[in-house]
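Scroll down for the structure; my scribbles are underneath it.
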Amino acid sequence: MGLQAQYIRRQGNPDDIPDYTDYRPLDIGSVPARISAYPELVARLGGEPCQWSVREVGDGNLNYVYIVEGPEGSLCLKQALPYVRLVGESWPLPLSRSHFEHAALVRQDKANGSVPEIYHYDGPQALIAMENLSSHITWRHALIARQRHETAAITMGDFIAETLFRTSDLALPADEKKAEMALFSQNTALCKITEDLVFTDPYYDHPLNRWTSPELDETVAGIRADPQWKAAVQELKFSFLTRAEALIHGDLHTGSVMVGEAGGDEDVRVIDPEFAFYGPMPFDPGALIANLFLNVFAQPGLGDKPEIYQDWVLEQIERCFNRANSCFFNLWRTERTGDAFSRKLFEDQGHIDAAEIAMTSFLTRAEEEMLGFAGAKMVRRILGLAGVADFDSIKSRAVRVECEKRALVMARALIVERGSLKNLNAAIERAYKILRDGQ
Ligand code: SR1
Ligand code: MG
């Protein structure tokens, strides 16, 4: 194809980053007029714009989120801001994160399906209109309230395995995977947030770090003076920077999972993939497990008899991981259509055992690294800029400090001892020991 033809073909390509010249940030008052421009949304809400109610519900760190209700239906509207909501205009952030979030939602829907339905995407307004998950709350808040959503671990295991496998070189031909990688490689500003907030800032005196001070001051100083800890985290950062294995969600904490019900059944959806890019597969399961461990360690501050709920959450960690593994195994056997570990070299030659051995060693390596990422994600929520409600909701400061200290002991074990722990079962046993003995 000539250059001119390529240019013509690319114009209007949905993968192109939009032109944001006409972007206008919304507020509660301007939402109805904006929606009036999208006939399919008007039809969904029913009635007249003056009959629509709008409320802002975003509790994330980056964006505004509106719930709009009309006489016949409702929807959720998410708009990116040109800055980080948590910090303000002094921290600019590109609107293009909405483009990557939309692109990731489309791919996650195709690969797995447990995401909100998208009703409309307005690229130049950095605006995504989607299903209002009105009966849902975040899994984080459900865990803080000690609710038990028995299907969440299973849905999340499938989500992790299917989105990672089906966007990787195990499923896609190399040229297609590279084109996907090229698209998401432009999400650099969001990657940089993770590179800094997870892998760098907690380990030196960065002005945006926050921790329970002065009680944890000595612990923080100890971590910064721990060369093994820092070196192990930098190994993980190198992996995050360089290993473009699959389209990862990039921010798969328990606040990015919505739990509720639909049609009388429990329903679980994954939201907010604006940090999506091609990165190391173990990062997503590591993030989810980290946030479940954080909840386990926060439990003594969240009510009486913490052991009962801790047992349940630890069981969910195991169920989620086992489900992700068995789903991945199954995909390896049935959907390995990509250029990596090609069937031509294994099954087609009658080397079925060799294909299974390759899969086992692939997943063994991933499990060990997942533990490391989980540890790094725990540290950042206790020592870095963005904390978590699990610890923030603890009323007694003394109890909170004790919970955070134990969580940091666990994080160090995951990061520094991941090579000797080797697997999640050993990590869970370690968690029980730390909960019992403090070390
Ligand atoms: C400045 S953004 C802080 C955090 O919020 C998001 O949820 C990500 O986890 C990010 O690191
Ligand atoms: Mg988010």
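Numbering starts at 1 and runs along the sequence shown. For ligands, and for the atoms within them, numbers begin at 1 and follow the listed sequence. Everything numeric here is computed off the predicted structure, so don't read it as measured data.
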Practice item. Distance to 0.1 Å, residue and atom name: give those for the protein heavy atom nearest to atom 11 (O) of ligand 1. Key: Arg380 NH2, 2.6 Å

Study note, to complete from the structure: ligand 1 to Val84, heavy atom cutoff 4.0 Å, flagged ligand atoms 1 (C)

Review point. In a check of ring-ring contact (aromatic ring centres under 6.0 Å, His included) between Phe283 and each of Phe275, Phe373, Tyr278, which one passes?
Key: Phe373

Check your understanding: Which atoms of ligand 1 are found less than 4.0 Å from any heavy atom of Phe275?
Key -> 6 (C), 8 (C), 10 (C)

Review point. In this structure, which one of Lys237, Arg243, Glu235 forms a side chain to side chain donor-acceptor pair (under 3.5 Å) with Ser239?
Key: Arg243

Check your understanding: Please state which protein non-hydrogen atom is closest to atom 4 (C) of ligand 1 and give its distance, to 0.1 Å?
Key -> Asn61 ND2, 3.4 Å

Exercise for review: For the pair Lys433 (side chain) and Gln439 (backbone), establish whether a donor and an acceptor sit closer than 3.5 Å, ignoring hydrogens and angles.
Suggested key: yes

Review point. Any non-hydrogen atom of Arg381 lying under 4.0 Å from ligand 1?
Key: yes

Check your understanding: Is there at least one pair of N or O atoms, one from Trp91 and one from ligand 1, spaced under 3.5 Å apart?
Key -> no

Check your understanding: What class does the angle between the rings of Phe293 and Phe297 fall in, given that below 30° is parallel, 30 to 60° is tilted and above 60° is perpendicular?
Key -> tilted

**Study point:** Proximal ligand 1 atoms for His253, defined as those under 4.0 Å from one of its heavy atoms
**Key:** 7 (O)

Review point. Are Thr194 and ligand 1 in contact, using a heavy-atom cut-off of under 4.0 Å?
Key: no

**Study point:** Test log, rule ring pair (Phe, Tyr, Trp, His ring centres under 6.0 Å), inputs Trp332 and Phe329
**Key:** CA-CA 5 Å; Trp332 184 288; Phe329 267 50; 8.5 Å; no

**Study point:** Leu62, portion touching ligand 1 at heavy-atom distance under 4.0 Å
**Key:** side chain

Exercise for review: Return the name of the atom in Asp272, of element N, O or S, nearest to the Mg ion (ligand 2).
Suggested key: OD2

Practice item. Taking atom types as modelled, find out whether Asn423 and Glu368 have a side-chain donor-acceptor pair closer than 3.5 angstrom. Key: no

Check your understanding: In the protein, which heavy atom is nearest to atom 7 (O) of ligand 1, and how far is it?
Key -> Asp251 OD2, 2.7 Å

Check your understanding: Are Gln299 and Asn295 linked by a side-chain donor-acceptor pair shorter than 3.5 Å?
Key -> yes

Practice item. Report yes or no: do Ser168 and Glu245 form a side-chain donor-acceptor pair below 3.5 Å? Key: no

